[in-house]
Number of protein chains: 2
Amino acid sequence: MIHLKAQQLLQTSIHHFAAHGYEGASLQEIATEVGIKKPSIYAHYKGKDDLFLQATTYALQEQKRRFATYFTSTRQQPLEQSLHGFFDWFISEQQDDILMRFILRAAYFPPEKLEQEMTDRFNPFFDSLHDLLTRLLRERDRTEKILYSTDYKSAALAYLTVAEGTLTELVYNGVDAFHARQQAVWPIVWRGMSKTI
Amino acid sequence: MIHLKAQQLLQTSIHHFAAHGYEGASLQEIATEVGIKKPSIYAHYKGKDDLFLQATTYALQEQKRRFATYFTSTRQQPLEQSLHGFFDWFISEQQDDILMRFILRAAYFPPEKLEQEMTDRFNPFFDSLHDLLTRLLRERDRTEKILYSTDYKSAALAYLTVAEGTLTELVYNGVDAFHARQQAVWPIVWRGMSKTI
DNA sequence: AATCACCTTCCTAACGGTCGTTAGGTAACA
DNA sequence: TGTTACCTAACGACCGTTAGGAAGGTGATT
């Protein structure tokens, strides 16, 4: 079992890295929030880099897990409802936007010296989401026969792009702006993906 | 006329802020690149905050100008070509991804203490893009009569969301990943926006 | 059962370094 | 004469990191 303080350090540093970025986050502040002194961090992690990398690994694994959980738990629902509901579900898990914020920030603006390590973690992460969604669309379309094209991979990528765009909006501009954008985008995207009636 | 070094400082700091963020950028390095000593920056700007804010103002104004220039220069083309071609045009202006990177970074992850100032600049910026695009869609649809819905505002927002998502991909993952995403997304979005044939 | 070495987890103190910023001066120019 | 654009020197603050040690638990040896 992993030590309690180590776990607290991971959680707290995710908050700080999400809020201030790698360069802006302070080990001093992280330690204080956990209730230990700054040098004690080094009993659990090799240094700031190590903390950041382990936070990244944890965050990606957690996010992937939640993603998969949602889409398997909505297996019964119609495809549109499942895809559309994902956004609402995402909002309802409040803590998520911090995890998402950390992930977005680490993905788009990693510390220069850790760029390679970030890429090595993010590419498989994104690919696995893409694969999961591609399989989902294919399986569902076999019974529902509702999608316009059988290029499920492209459809999955389109969905991910839109999801990313709107969820970024959520992280940055809050729930209201997010709803506005989602209501504008989703009907268009769904109409583009599905057979018109 | 604004002083030469002041202009150089603005350009160079945009590069550095884009690459390392507000906290990660160093006045030392910026000054050296421009060819002056660090304290000489204070002859032109009040400090790091001032430099960052003026860089933001400049970047947004420049980006808005380019955006407007493109869409007025493609007035003759069919709407789809104009919308679709925007992405290719964007790539062809190589220097842009630095400006775009700076803007994305400043928008999504502003330094905490300047959050309000950033919001005050970005909201009008985004609104003006949204308005410009909404008007464009409305005007074009009057002659082409090709759009599925007359809710031009929503269509414009959908387009901006997708543009943001794919251009973010360009900034982060490079041209190839961008093309892959664009080819997946655009047919779906356009099919969703336009009258099906 | 008592002792021992060992490891982990925390501490205080302090390191060298960089940060943004200010003071104060010089030289050029209006 | 005053202003602008630069300089050198130096400020205090904070950065991540290391050294070295105290306290406590673990597990093997006597």
Side-chain angles (χ1 to χ4, degrees), chain A residues 1-56 102 105-106 109-118, chain B residues 1-58 102 105-106 109-118:
Chain A
M1 180 58 187
I2 286 178
H3 195 276
L4 172 68
K5 291 287 182 191
Q7 194 64 30
Q8 288 181 5
L9 280 170
L10 211 66
Q11 292 290 347
T12 305
S13 64
I14 284 178
H15 278 73
H16 282 247
F17 285 136
H20 312 109
Y22 176 84
E23 291 90 355
S26 153
L27 293 185
Q28 176 75 269
E29 289 181 19
I30 292 171
T32 302
E33 196 167 314
V34 170
I36 62 176
K37 302 296 176 181
K38 183 172 54 159
S40 303
I41 294 176
Y42 289 76
H44 302 282
Y45 300 94
K46 286 184 214 154
K48 199 181 190 182
D49 290 8
D50 187 35
L51 188 55
F52 187 78
L53 289 175
Q54 295 209 37
T56 302
F102 172 82
R105 191 161 199 163
F109 307 111
E112 216 172 0
K113 58 176 170 176
L114 299 180
E115 209 169 325
Q116 189 57 52
E117 284 90 339
M118 289 295 107
Chain B
M1 181 59 187
I2 286 176
H3 195 275
L4 173 69
K5 292 287 183 190
Q7 194 64 29
Q8 288 181 6
L9 280 169
L10 211 65
Q11 292 290 347
T12 304
S13 64
I14 285 178
H15 278 73
H16 281 246
F17 286 136
H20 312 109
Y22 176 84
E23 290 90 356
S26 155
L27 294 186
Q28 177 75 268
E29 289 181 19
I30 292 171
T32 302
E33 196 167 314
V34 169
I36 61 176
K37 303 296 177 180
K38 182 172 55 158
S40 303
I41 293 176
Y42 289 75
H44 303 281
Y45 300 94
K46 285 184 214 155
K48 198 182 190 180
D49 290 8
D50 187 34
L51 187 56
F52 186 78
L53 289 175
Q54 293 209 37
T56 302
T57 301
Y58 169 82
F102 172 81
R105 191 160 199 165
F109 308 111
E112 215 172 0
K113 57 177 170 175
L114 299 180
E115 209 169 325
Q116 189 56 53
E117 284 90 338
M118 289 294 106

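Owing to the predicted nature of the structure, the values given are computational and were not obtained by experimental measurement.
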Handout entry: Geometric class of the Phe109(B)/Phe109(A) ring pair [parallel <30°, tilted 30-60°, perpendicular >60°]
Key = perpendicular
Practice task
Using whole Å, report how far CD of Glu29(B) lies from P of dG17(C).
Solution key: 16 Å
Handout entry: Sugar-phosphate only, base, or nothing, as touched by Ala25(B) at under 4.0 Å among non-hydrogen atoms
Key = sugar-phosphate
Exercise for the section: Could you work out which one of dT21(C), dA19(D), dC10(C) sits closest to the side chain of Leu27(B)? Expected result: dT21(C)
Handout entry: Expected output: side-chain Tyr45(A) to main-chain Phe52(A) donor-acceptor under 3.5 Å
Key = no
Practice task
Compare side-chain N and O positions of Ser26(B) against OP1 and OP2 of dC19(C) and report whether any pair is under 4.0 Å apart.
Solution key: yes
Handout entry: Touch class at under 4.0 angstrom, heavy-atom based, for Ala6(A) against every strand present
Key = nothing
Problem - Gap between atoms OH and P, on Tyr45(B) and dT22(C) respectively (whole Å) - result: 17 Å
Practice task
Could you check which of dC11(C), dC15(D), dC6(D) has an atom nearest any side-chain atom of His3(B)?
Solution key: dC6(D)
Fill in the blank from the handout: Rounded to whole Å, the CG-P distance (Leu9(B) to dC6(D)) equals 8 Å
Completion exercise
From the candidates dG16(D), dG20(C), dT8(D), the one with an atom nearest any side-chain atom of Lys48(B) is dG20(C)
Handout entry: Length of the CG-P vector between Asp49(A) and dT17(D), whole Å
Key = 6 Å
Exercise for the section: Determine yes or no for a side-chain-to-main-chain donor-acceptor pair under 3.5 angstrom, with Thr12(B) supplying the side chain and Leu9(B) the backbone. Expected result: no
Handout entry: Between C1' of dT18(C) and CD of Glu23(B), the distance in whole Å
Key = 15 Å
Exercise for the section: In whole angstrom, give the distance that lies between atom CD of Gln28(A) and atom C1' of dC11(C). Expected result: 14 Å
Exercise for the section: May I ask you to check whether Glu23(A) and Tyr22(B) show a side-chain donor-acceptor distance below 3.5 Å? Expected result: no
Fill in the blank from the handout: Ranking dT9(C), dC15(D), dA5(D) by distance to the side chain of His44(B), first place goes to dA5(D)
Exercise for the section: May I ask you to check whether Glu29(A) and His20(A) show a side-chain donor-acceptor distance below 3.5 Å? Expected result: no
Completion exercise
Comparing nearest nucleotides in DNA chain D, the 5'-proximal residue of the pair Lys46(A), Lys5(B) is Lys5(B)
Handout entry: Interatomic distance where OH belongs to Tyr42(B) and P belongs to dA10(D) [whole Å]
Key = 19 Å
Exercise for the section: Answer with base, sugar-phosphate or nothing: what part of the nucleic acid does Lys38(A) contact at a heavy-atom distance below 4.0 Å? Expected result: base
Handout entry: Value in whole Å for how far the P atom of dC19(C) lies from NE2 of His16(B)
Key = 12 Å
Handout entry: Closest to the Pro39(A) side chain, choosing from dC7(D), dC19(C), dT17(D)
Key = dT17(D)
